[in-house]
Amino acid sequence: MNTDVLIVGGGPVGLLLACELKLAGVDPLVLEADTGQQRITRSLGMRSLNARTLHTLGLRGLVEPLAEAQWALFDEIRAGREPVEGDIVDGLVYMLKQGFSGGHFSGLPLIGDTGNRVPEMLMLKQHQLERVLAEHAAGLGVEVRSGCRVAEIADEGDGVVATLADGRVVRAGYLVGCDGGRSLVRKQSGIPFTGTSATMTGRTAVAQLADPGALTSSLRAPGGLVNLSLVPGEVATIEFDGGPAERDAPITAEEMQASIRRASGTDAVVLSLEAGIRYSDNTRHAETYRKGRILLAGDAAHVHSPIGGQGLNLGLQDAANLGWKLALVVRGQAPERLLDTYTAERHPVAARVLRNTRAQVALMRPGPQVDALREVLSEALELPETRKHFIAMANGTDIDYAPDAPRSLVGRFVPDWEIEGAGWVRESLGDGRGLLLDLAGAPETRAAAKGRDDRVRVLAGAVDQADAAAVLVRPDGYVAWAGAAEADLADALDAWFGVG
Ligand SMILES: Cc1cc2nc3c(=O)[nH]c(=O)nc-3n(C[C@H](O)[C@H](O)[C@H](O)COP(=O)(O)OP(=O)(O)OC[C@H]3O[C@@H](n4cnc5c(N)ncnc54)[C@H](O)[C@@H]3O)c2cc1C
């Protein structure tokens, strides 16, 4: 078996990366160890997709099917609940429909009207997201093989070799480890993974309680967190106990019962348990996302507590950042140094998320001092500027890949501009090519892009709010360059899209 790029791990990040590569004309092969049923079993709890992830997935037309999946899930959730006045689920649905929710910070709601025309937050199950991405991948012709566990990898300088658990061998030009937090690819590549160890244990289970009505969901329960307020049948706890002693053994009804009792301070009884997961706040970061022909993306590159719902968002945006760059390098259209911008751009973004999730864990700890800290922060969040800052941080909308660029537009996600007569800019990137916006009708702008039709599409028309004659947008939606047509556009095209 030979392929351009071998992706180890067909979770959300591996699937999206494969789609991005295929769209850019490269053949990826995804090897996934698990089978479909195993993936549904581990998909406990909800996953929230934040604004920047939805901007990114929206470029490829994926928000609509994800929104459909979300509403189907909420219909199911509502059907499984007694209708009551002021139900938390009704409140959440209202917020999601109105676009009011900016997520939360350690359980403190971040409410702000985005005023945007598309959803800025979705909540769904991970297996629903994986299904939508798998369908997108199938539509593009991506090959995904389930039940294929990679056991060994080697970078041979001019290519990589992966050996499967059953002894089969796959050769590829590049290999990307999208194989989750315990990544074999990361371990065997020797990339250091440094950080801080677990201080808490989270457990989520599908469990039957003897008297669910006797248990109250609380972020500030006596021994941590207890939650049974969203997905019917699921119960979740968080305890600040130094991390799970046992990571691999399946959770039992006894373990879940003991945890609920410690966290809630009640004598709750768990009658049976169907499935359960444990997680922690083990927080670590790969020192680089690339070593030779081996790259890392998603949880393989960074792990942290899921409090605040950021890991998946981070990983999906890694995939969007890497896909088009790796494709250009594999196709021989850009030099390898383009790949260095992947670590340079994404590492600081993840470092910030690691910092804010550590802070969120600290704010969850029980005790009167933390109660007071939460009250102080809640007050601060009433200030519009503070709230704006936290919403941008939780949603990745403050990401700036070029903070030193003379024009603030550069390095930022392209604004939701409508081009007169040519539609929405963010809807014009669906084929995975970059976009050169000729906003002043200058013939030199089109001339500069000549010979790169396969990588860059030119779109002409006026935009009211733009303060540049031309704007170059990368396939991941970020602005690579903005300026006057005759300025250094050709250099920018060469740097980001290879010579014409
Ligand atoms: C309770 C909980 C709630 C969460 N909530 C949120 C949230 O609201 N928002 C958010 O952004 N994030 C959330 N997260 C985090 C999110 O689930 C992860 O960040 C996300 O799953 C990472 O995706 P990934 O594709 O990088 O890795 P994974 O989802 O772990 O996928 C890795 C894949 O690689 C496969 N694999 C592993 N080893 C091999 C091998 N050797 N060979 C082949 N295949 C292999 C695995 O089977 C798996 O399918 C939550 C996590 C938990 C536990």
Side-chain angles (χ1 to χ4, degrees), residues 6-18 29-54 70 103-104 121-127 129-130 133-134 144-153 162-166 168 170 175-188 201-205 225 227 230-231 234-238 244 276-282 286 296-319 322 350 353-354 357 360 394-396:
L6 177 63
I7 297 175
V8 182
V13 175
L15 288 172
L16 182 63
L17 177 64
L29 171 64
V30 181
L31 297 180
E32 166 55 46
D34 280 355
T35 59
Q37 190 48 45
Q38 287 166 315
R39 296 159 76 126
I40 291 178
T41 308
R42 70 177 191 223
S43 185
L44 296 183
M46 297 281 266
R47 302 290 184 272
S48 53
L49 297 180
N50 68 21
R52 183 46 46 82
T53 299
L54 295 178
Q70 168 188 264
H104 66 92
M121 182 174 171
L122 291 178
M123 290 183 73
L124 70 178
K125 290 279 188 179
Q126 184 150 326
H127 69 85
L129 167 67
E130 289 181 2
L133 291 173
V144 180
R145 295 193 193 163
S146 295
C148 289
R149 180 170 295 281
V150 171
E152 208 177 314
I153 57 148
T163 308
L164 274 63
D166 62 11
R168 280 179 296 165
V170 185
L175 182 147
V176 190
C178 298
D179 48 345
R182 300 195 209 175
S183 170
L184 166 128
V185 172
R186 184 191 66 235
K187 287 175 190 158
Q188 293 197 357
T201 307
R203 292 179 179 86
T204 302
L225 168 147
N227 188 1
L230 214 50
V231 183
E234 282 188 11
V235 55
T237 57
I238 293 180
I277 52 167
R278 289 183 204 91
Y279 58 86
S280 79
D281 62 336
N282 178 37
L296 302 174
D299 278 14
H302 34 68
V303 294
H304 51 79
S305 125
I307 296 172
Q310 314 244 322
L312 183 54
N313 289 291
L314 200 51
L316 290 170
Q317 292 172 48
D318 288 346
L322 176 60
V353 168
L354 263 56
T357 53
Q360 295 193 63
N395 284 277

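Only this structure's heavy atoms are used, side chains among them; waters, hydrogens and symmetry mates stay out. We count ligands from 1, going down the list as the structure has it; atoms in each ligand are counted the same way.
Atoms of ligand 1 found under 4.0 Å from any heavy atom of Cys178 (numbered from 1 in listed order, with element): 32 (C), 33 (C), 34 (O). Each of the atoms 5 (N), 8 (O) of ligand 1 lies under 4.0 Å from some heavy atom of Met46. Every atom of ligand 1 with a heavy atom of Gly11 under 4.0 Å away is listed here by number and element: 25 (O), 31 (O), 33 (C), 49 (O). Residue-ligand proximity, Leu31 to ligand 1, at heavy-atom distances under 4.0 Å covers atoms 43 (C), 44 (N). In summary, the atoms of ligand 1 found under 4.0 Å from a heavy atom of Tyr279, numbered by their order in the structure, are 1 (C), 53 (C). Close contacts of ligand 1 with Val8, meaning ligand atoms under 4.0 Å from a residue heavy atom, involve 40 (C), 42 (N), 43 (C).
Applying side chain to side chain contact (heavy atoms under 4.5 Å, CB included) to His302 and the options Leu296, Leu354, Thr357, Val353 leaves one that passes, Leu354. The only member of Glu130, Arg47, His127 that meets side chain to side chain contact (heavy atoms under 4.5 Å, CB included) when paired with Pro12 is Glu130.
Residue Ser183 does not touch ligand 1, judged by heavy-atom distances below 4.0 Å. The residue Leu49 has no part lying near ligand 1, judged by heavy-atom distances below 4.0 Å. Residue Gln126 touches ligand 1 through its side chain alone, judged by heavy-atom distances below 4.0 Å. When heavy-atom distances to ligand 1 are checked against a 4.0 Å cut-off, Cys148 comes that close only through its backbone atoms N, CA, C and O.
Polar contact with ligand 1: present for Ser48 (N/O pair, distance under 3.5 Å). Considering backbone and side-chain N/O atoms, Leu312 comes within less than 3.5 Å of an N/O atom of ligand 1. Between Gly309 and ligand 1, a contact under 3.5 Å exists for at least one N or O pair. The N/O atoms of Val150, backbone and side chain alike, include one that comes under 3.5 Å of an N/O atom in ligand 1. The shortest N or O to N or O distance between Pro306 and ligand 1 is not below 3.5 Å.
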Walk me through it: do His104 and Ser48 pass the test side-chain contact (heavy atoms from CB on, under 4.5 Å)? CA-CA 10 Å; His104 66 92; Ser48 53; over 6 Å; no

Go through Val150 and Val170 one step at a time and tell me if the side-chain contact (heavy atoms from CB on, under 4.5 Å) criterion holds. CA-CA 10 Å; Val150 171; Val170 185; over 6 Å; no

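Using a distance-only test at 3.5 Å, with no hydrogens or angles considered, no donor-acceptor pair links the side chain of Glu152 to the main chain of Thr163. Side-chain N or O atoms of Arg186 include one that pairs as donor or acceptor with a backbone N or O of Ala300 at under 3.5 Å. A donor-acceptor contact shorter than 3.5 Å is absent between the side chain of Asn227 and the backbone of Ala236. For Asn313 (side chain) and Arg52 (main-chain N/O), no donor-acceptor pair under 3.5 Å exists by modelled atom type. The backbone N or O of Ala297 sits nowhere less than 3.5 Å from a side-chain atom of Asp318 that would complete a donor-acceptor pair.
In this structure, NE2 in His304 is found 11.0 Å from CG in Asn282, a value given to the nearest 0.5 Å.
Residue Gly9 places a heavy atom less than 4.0 Å from ligand 1.
Between Gly315, Ala33, Gly298, it is Ala33 that holds the heavy atom closest to atom 44 (N) of ligand 1.
Pro244 and Thr201 make their closest contact through N-OG1, 3.0 Å (heavy atoms, listed as atom of the first residue, atom of the second, distance).
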